[in-house]
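Computation of the quantities below employed the complete heavy-atom set of this structure, encompassing side-chain atoms and omitting hydrogens, waters and symmetry-equivalent molecules. Only a predicted model underlies this, so the values are computations on that prediction, with no experimental measurement involved. Numbers here simply count residues along the sequence, with the first being 1.
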Amino acid sequence: MKIAFFSSRPYMQQAFLEANAAFDFDLTYFDARLEPHTASLGQGFDAVCAFVNDKLNAEVISILARGGVRVIALRCAGYNNVDLEAARLAGMTIVRVPAYSPEAVAEHTVGLMLTLNRHIHKAYQRTRDANFSLDGLVGFNMHGKTAGIIGAGKIGLATLRILHGLGMKLLVHDPVERPEALALGARYVSLEQLFREADVISLHCPLLQDDYHLLNRSTFAQMKDGVMIINTSRGGLVNARDAIEAINNGKVGALGLDVYEEEETLFFADKSNEIVRDDTFHLLSAYPNVILTGHQAFLTREALAAIAHTTLDNLQQLAKGQDCTNKINQ
Ligand code: NAI
């Protein structure tokens, strides 16, 4: 099977190189993001392997289908970037990696919380400049504070386990109640109650039509003054302009984003020598109480190895004509 990788990066290629020793597929790597202008690169391949910011809209899918591609292998969990109906009509099979390392994302999430709370990003800069003043670095004990987790699936649960270890009170909003969360002492509550009571709110639900801009001007208004917000899920869950307003009026005291709604053309590339034409991004990155990371919550050796193995295993099952368990129902 010939597989074309889009949005390829060295750390990812290395993981696939190692995993492919057990599969022996024919792998070709393209740095380019998959979009209408680059989709013809897929011509002559059996499958394309795509990541979170590759654009699999109807136009791209039609170009790929004309070029002979029959399978879209997502090397990620989310599939909000794929037009499922267009893929179904084109007769394409889509497989994904539903779980590779929930702990990797959860650990990054809590890393953002602790960094923001204890101002570690500011202290790092100060001590490099021999500025040992502690003014403005006062944090709060996580112990005894209330965490609100929106979406307690695999990553939300892994986050709950860590926060339980920190001694936080745990609130969860999720339509599905999980015994594992209850065993940690978490209480399932309405979104309104979670907004009212949480000191720290972390998003771990998928981006679906009905939760687009879940955090917006009206939901920020329901939260505690100075609340900390962390989003390591998908950028579209937070209205970034409204978040800026909520920072300006003191409603949001700290914001940690690993995902950003306009990340598609920014993240995973070095833009340091370019003019980034995105005022919202510039505003957000200028605040001392905002930390942005470039969709790296998943980025551990263990997660990369698991992504590579599962992706190639998915393709092997399809190549053998088996029904792949990680196939997305279209
Ligand atoms: P999962 O499918 O195991 O859990 C998602 C949970 O969200 C489920 O329990 C579901 O019932 C719940 N949910 C769905 N809609 C909801 C809503 N409107 N309100 C509250 N809960 C809702 O997914 P998993 O593996 O935990 O991943 C969560 C998200 O994390 C993914 O959708 C993806 O967007 C993101 N992600 C981010 C990564 C990163 O590197 N930043 C890496 C991997 C995933």
For the pair Arg241 and Thr280, evaluate side chain to side chain donor-acceptor pair (under 3.5 Å) and give the outcome as yes or no after the intermediate values.
CA-CA 7 Å; Arg241 298 300 307 189; Thr280 307; 2.9 Å; yes
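- Checked options Glu264, Arg33, Glu263; the residue passing with Asn53 is Glu263 (criterion: side-chain hydrogen bond (donor to acceptor under 3.5 Å, both in side chains)).
- Smallest separation of non-hydrogen atoms from Ile61 and Ala86: CG2-O, 3.8 Å.
- Under a hydrophobic clustering in which Ile, Leu, Val, Met, Phe, Trp and Tyr are joined whenever their side-chain heavy atoms come within less than 4.5 Å, directly or via other members, Leu171 and Ile150 fall into the same cluster.
- Within the 4.5 Å cutoff, the side chain of Thr159 has heavy atoms near those of the Ile155 side chain.
- With sequence neighbours excluded, the residues forming a salt bridge (charged side-chain N to carboxylate O under 4.0 Å, His left out) with Arg187 are Glu197, listed by chain and number.
- In this structure, Thr300 contributes its side chain and Ala303 its backbone to a donor-acceptor pair below 3.5 Å.
- In this structure, the side chains of Ser272 and Glu274 stay at 4.5 Å or more apart for every pair of heavy atoms.
- Side chain of Asn57 to backbone of Val60: a donor-acceptor contact under 3.5 angstrom is found.
- The ring pair (Phe, Tyr, Trp, His ring centres under 6.0 Å) pairs that include a residue from residues 213-247 number zero, where partners must be two or more places apart or lie in different chains.
- Leu56 and Phe5 fall into different hydrophobic clusters, where Ile, Leu, Val, Met, Phe, Trp and Tyr are joined by side-chain heavy atoms under 4.5 Å apart, directly or via other members.
- Atom-to-atom distance recorded for Ser101:OG and Glu107:CD is 7.0 Å, nearest 0.5 angstrom.
- Within the structure, every pair that satisfies the ring pair (Phe, Tyr, Trp, His ring centres under 6.0 Å) test and touches residues 274-308, not counting sequence neighbours, is listed here: Phe51-Phe298, Phe268-His295.
- Side-chain atoms of Arg96 and Cys76, non-hydrogen and from C-beta on, never get closer than 4.5 Å to each other.
- Ring-plane geometry between Tyr260 and Phe267 is classed as tilted, the angle between the planes lying from 30 to 60 degrees on a 0 to 90 degree scale.
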Please lay out, stage by stage, how Leu191 and His173 fare under the test side-chain contact (heavy atoms from CB on, under 4.5 Å).
CA-CA 6 Å; Leu191 212 43; His173 177 73; 3.5 Å; yes
Can Val227 and Val200 be said to form a side-chain contact (heavy atoms from CB on, under 4.5 Å), step by step?
CA-CA 6 Å; Val227 65; Val200 176; over 6 Å; no
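- Asn326 and Asn314 share a side-chain donor-acceptor pair at under 3.5 Å.
- Of the possible donor and acceptor atoms, one in the side chain of Asn249 sits under 3.5 Å from a partner among the backbone N and O of Lys251.
- The CG atom of Leu116 sits 4.0 Å away from the CD1 atom of Ile291 when rounded to the nearest 0.5 Å.
- Taking the side chain as every heavy atom from C-beta outward, Asp46 and Arg70 never approach each other to under 4.5 Å.
- No more than 12 heavy-atom neighbours from other residues, nucleotides or ligands sit within 6.0 angstrom of CG on Asn329.
- Minimum interatomic distance between Gln317 and Asp323 (heavy atoms only, all atoms of both residues): OE1-O, 3.9 Å.
- Within a 6.0 Å sphere centred on OH of Tyr11, heavy atoms belonging to other residues, nucleotides or ligands number more than 12.
- Side-chain atoms of Asp129 do not come within 3.5 Å of backbone N or O of Arg126 as any donor-acceptor pair.
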Extract all donor-acceptor atom pairs below 3.5 Å that involve side chains of residues 160-169 and protein atoms in other chains or at least two apart in sequence.
from, atom 1, to, atom 2, distance (Å)
Arg161, NH1, Glu180, OE2, 2.3
Arg161, NH2, Glu103, OE2, 3.3
His164, ND1, Leu184, O, 3.2

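- Across every non-hydrogen atom of Asp54 and Ser7, the tightest pair is OD1-OG, 2.6 Å.
- Using a 4.5 Å heavy-atom cutoff, the side chains of Met142 and Asn117 are in contact.
- Under 3.5 Å, the side chains of Thr311 and His309 contain no donor-acceptor pair of N or O atoms.
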side-chain contact (heavy atoms from CB on, under 4.5 Å) assessment of Tyr188 paired with Arg178:
CA-CA 9 Å; Tyr188 279 80; Arg178 289 192 167 74; 3.7 Å; yes
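- In this structure, Ile149 is a member of the same hydrophobic cluster as Ile230, with clusters built from ILVMFWY side-chain heavy atoms closer than 4.5 Å.
- Atom-to-atom distance recorded for Leu34:CG and Cys49:SG is 10.5 Å, nearest 0.5 angstrom.
- Between the side chains of Asn231 and Ser233, no donor-acceptor pair is found at a separation under 3.5 Å.
- Across every non-hydrogen atom of Cys324 and Leu318, the tightest pair is CB-CD2, 3.9 Å.
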Can you give the donor-acceptor pairs under 3.5 Å from side chains of residues 19-30 to other protein atoms, not counting sequence neighbours?
from, atom 1, to, atom 2, distance (Å)
Asn20, OD1, Asp24, N, 3.2
Asn20, OD1, Phe25, N, 2.9
Asn20, ND2, Phe25, O, 2.9

Check the pair Thr232 / Thr109 against side chain to side chain donor-acceptor pair (under 3.5 Å), numbers first and verdict last.
CA-CA 6 Å; Thr232 57; Thr109 301; 3.0 Å; yes
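- Going from atom CG of Leu284 over to atom CD1 of Ile247 covers 6.0 Å, rounded to the nearest 0.5 Å.
- Annotation: side chain of Thr93 is not in contact with side chain of Ile72 (no heavy-atom distance under 4.5 Å).
- Considering only heavy atoms from C-beta on, Val105 stays 4.5 Å or farther from His108 through its side chain.
- Linking ILVMFWY side-chain heavy atoms closer than 4.5 Å, directly or via other members, places Tyr79 and Val259 in two distinct hydrophobic clusters.
- The number of heavy atoms from other shown groups lying within 6.0 Å of NE2 (His121) is above 12.
- Annotation: side chain of Leu64 is not in contact with side chain of Gln43 (no heavy-atom distance under 4.5 Å).
- For the ring-ring contact (aromatic ring centres under 6.0 Å, His included) test, no residue two or more places apart in sequence or in another chain qualifies with Tyr100.
- Atom CD1 in Ile201 sits 9.5 Å away from atom NZ in Lys224 (nearest 0.5 Å).
- To the nearest 0.5 angstrom, Asn81 atom CG is 6.5 Å from Leu74 atom CG.
- Using modelled atom types, one finds no donor on one side chain facing an acceptor on the other under 3.5 Å when comparing Asn239 with Arg217.
- Heavy-atom neighbours of Arg301 CZ from other residues, nucleotides or ligands within 6.0 Å: at or below the threshold of 12.
- With 3.5 Å as the limit, one finds a donor-acceptor pair spanning the side chains of Asp258 and Thr293.
- Residues Ser8 and Gln13 come closest through the heavy atom pair OG-NE2, 2.9 Å.
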Going through the distances and angles, do Tyr212 and Arg234 end up as a side-chain contact (heavy atoms from CB on, under 4.5 Å)?
CA-CA 9 Å; Tyr212 175 70; Arg234 282 292 179 268; over 6 Å; no
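- Atom NZ of Lys327 sits in a sparse spot, with 12 or fewer heavy atoms from other residues, nucleotides or ligands closer than 6.0 Å.
- Nearest heavy-atom pair across Thr219 and Leu215 is OG1-CA, 3.2 Å.
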